[in-house]
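A note on names: the letters A, B, ... follow the listed sequences, proteins ahead of strands, and every chain is numbered from 1.
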Protein chains: 2
Amino acid sequence: MSYNEHMKETISHYPLARNEVTALLKENGITPTRQRLEIAQYLFQKQQHLSAERILESVNALGHHVSRATVYNTMGLFTSKGLVREVLIDRERVFYDSNCQPHHHIYNLDTGELNDVEGSSDINVINISGLPEGCRIVDTEVVIKVSQK
Amino acid sequence: MSYNEHMKETISHYPLARNEVTALLKENGITPTRQRLEIAQYLFQKQQHLSAERILESVNALGHHVSRATVYNTMGLFTSKGLVREVLIDRERVFYDSNCQPHHHIYNLDTGELNDVEGSSDINVINISGLPEGCRIVDTEVVIKVSQK
DNA sequence: TTGGGTGCAAACTATTTGCATTCGA
DNA sequence: TCGAATGCAAATAGTTTGCACCCAA
């Protein structure tokens, strides 16, 4: 179902209806609890990069209640199930990327903003030497750090 | 002066003699104190990836004394002067890369080892779309995560 | 001499953990 | 019902900070 189709089918302020998020979690073998649904609904409303603390604040600001430990548990679970991707850029906090498609990042050192590299860019990571025996590439992370200074 | 030339000129167990390290720091506008010299001498003996704690332990194990705060101060200073490069891979600690030449990394998820991609590999990061106005690329970090699992 | 550098311990902060309570199926 | 999930607070660990003392120039 496309994004536009979602929008036609829901009267929620979220692009994803609750029952759709429920299905998403079930498909991935995750028991859909109230807290996980609230986190997922906030997370997947659009493609974004969020810290655990930010998720905690935002979900709770919407009038629901989720504890800090549950946010960490849930994000760890979502990561292990491949629903989100951890991006380690900032020394002090992990960012969770709600876009799991292979893509790379531009990190603005001045503002701390994390954005995606647009699709038309050319980034090639091929023919790597030095891989340990029997290892396969699990993930490739490309972060381009930019600044005005 | 090449690495081999260094080796001929010193009887130290380090590839870099103390006076050479002193010169390196001065060239970079860093006051060469005893602690900074000890850290630098350990750091630049070879190309390696070290955590702050590891540097602290190793330098002190050699019989010298450097405090934890000084290690952090010094590594922050070396980073800002471009003598080392921070690599953020591990959620719990920063790695300092004693090799500042442009190069990329292979991170072994199973062992936690961080190694360099060999020079013959093809990694191209060019023609990036989506750079903010007036920004220049300060650094490009490519980390290839591998695992046997 | 003197301003930058250092050491120490306490403070800070993101994340994890232990355990009693609650909830989904 | 019952194991899994949650909440809370305390614990953990890397890093930073405040401040008195010291040393390179």
Hey, what are the protein-to-nucleotides 19-25 of chain D N/O distances that come in under 3.5 Å?
none

[atom1] of [X] versus [atom2] of [N]: gap in Å, rounded?
| X | N | atom1 | atom2 | value |
| --- | --- | --- | --- | --- |
| B:Glu57 | D:dG14 | CD | P | 10 Å |
| A:Arg68 | C:dG18 | CZ | P | 19 Å |
| A:Ile55 | C:dA14 | CD1 | C1' | 13 Å |
| A:Glu92 | D:dT15 | CD | P | 11 Å |
| A:Phe95 | C:dA14 | CZ | P | 11 Å |
| B:Leu77 | D:dT15 | CG | P | 17 Å |
| A:Arg93 | D:dA13 | CZ | P | 21 Å |
| B:Asn60 | C:dG7 | CG | C1' | 12 Å |

Any side-chain to backbone donor/acceptor pair from A:Ser80 onto A:Leu77? Under 3.5 Å, distance only.
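It does hold such a pair.
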Quick check against the 3.5 Å criterion: does A:Thr74 have a side-chain atom that pairs as donor or acceptor with the backbone of A:Val71?
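Answer holds: no.
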Minimum-distance nucleotide to B:Ala69 side chain [options: C:dT6, C:dC8, C:dT15]:
C:dC8
Considering only side-chain heavy atoms of B:Val94, which listed nucleotide, C:dT15, D:dG7, D:dT15, is closest?
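That would be D:dT15.
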Given that A:Tyr72 and B:Arg36 both sit by DNA chain C, which one's nearest nucleotide is further toward the 5' end?
B:Arg36
With the 4.5 Å side-chain cut-off for hydrophobic clustering, are B:Val143 and B:Val138 part of the same group?
no
So, is B:His65 near the phosphate of C:dC8, with a side-chain N or O under 4.0 Å from OP1 or OP2?
yes
In terms of the nearest nucleotide of DNA chain D, which residue is placed more toward the 5' end: A:Ser67 or B:Tyr96?
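Looking at DNA chain D, the more 5' nearest nucleotide goes with A:Ser67.
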Below 30° counts as parallel, above 60° as perpendicular, anything between as tilted: where do the rings of B:His49 and B:His103 land?
tilted
Could you tell me whether B:Arg93 and B:Glu53 make a salt bridge, using a distance below 4.0 angstrom between a side-chain N and a carboxylate O?
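No, this pair does not count.
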Please report the shortest heavy-atom distance between B:Asn28 and B:Leu24, naming the atom on each side.
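Closest pair (atom of B:Asn28, atom of B:Leu24, distance): ND2-O, 2.8 Å.
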Of all heavy-atom pairs between A:Val84 and A:Met75, which one has the smallest distance, and what is that distance?
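For A:Val84 and A:Met75, the tightest heavy-atom pair comes out as CG2-CE, 4.0 Å.
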Sugar-phosphate only, base, or nothing, as touched by B:Arg91 at under 4.0 Å among non-hydrogen atoms:
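Counting heavy atoms under 4.0 Å across all strands, the contact made by B:Arg91 is with sugar-phosphate only.
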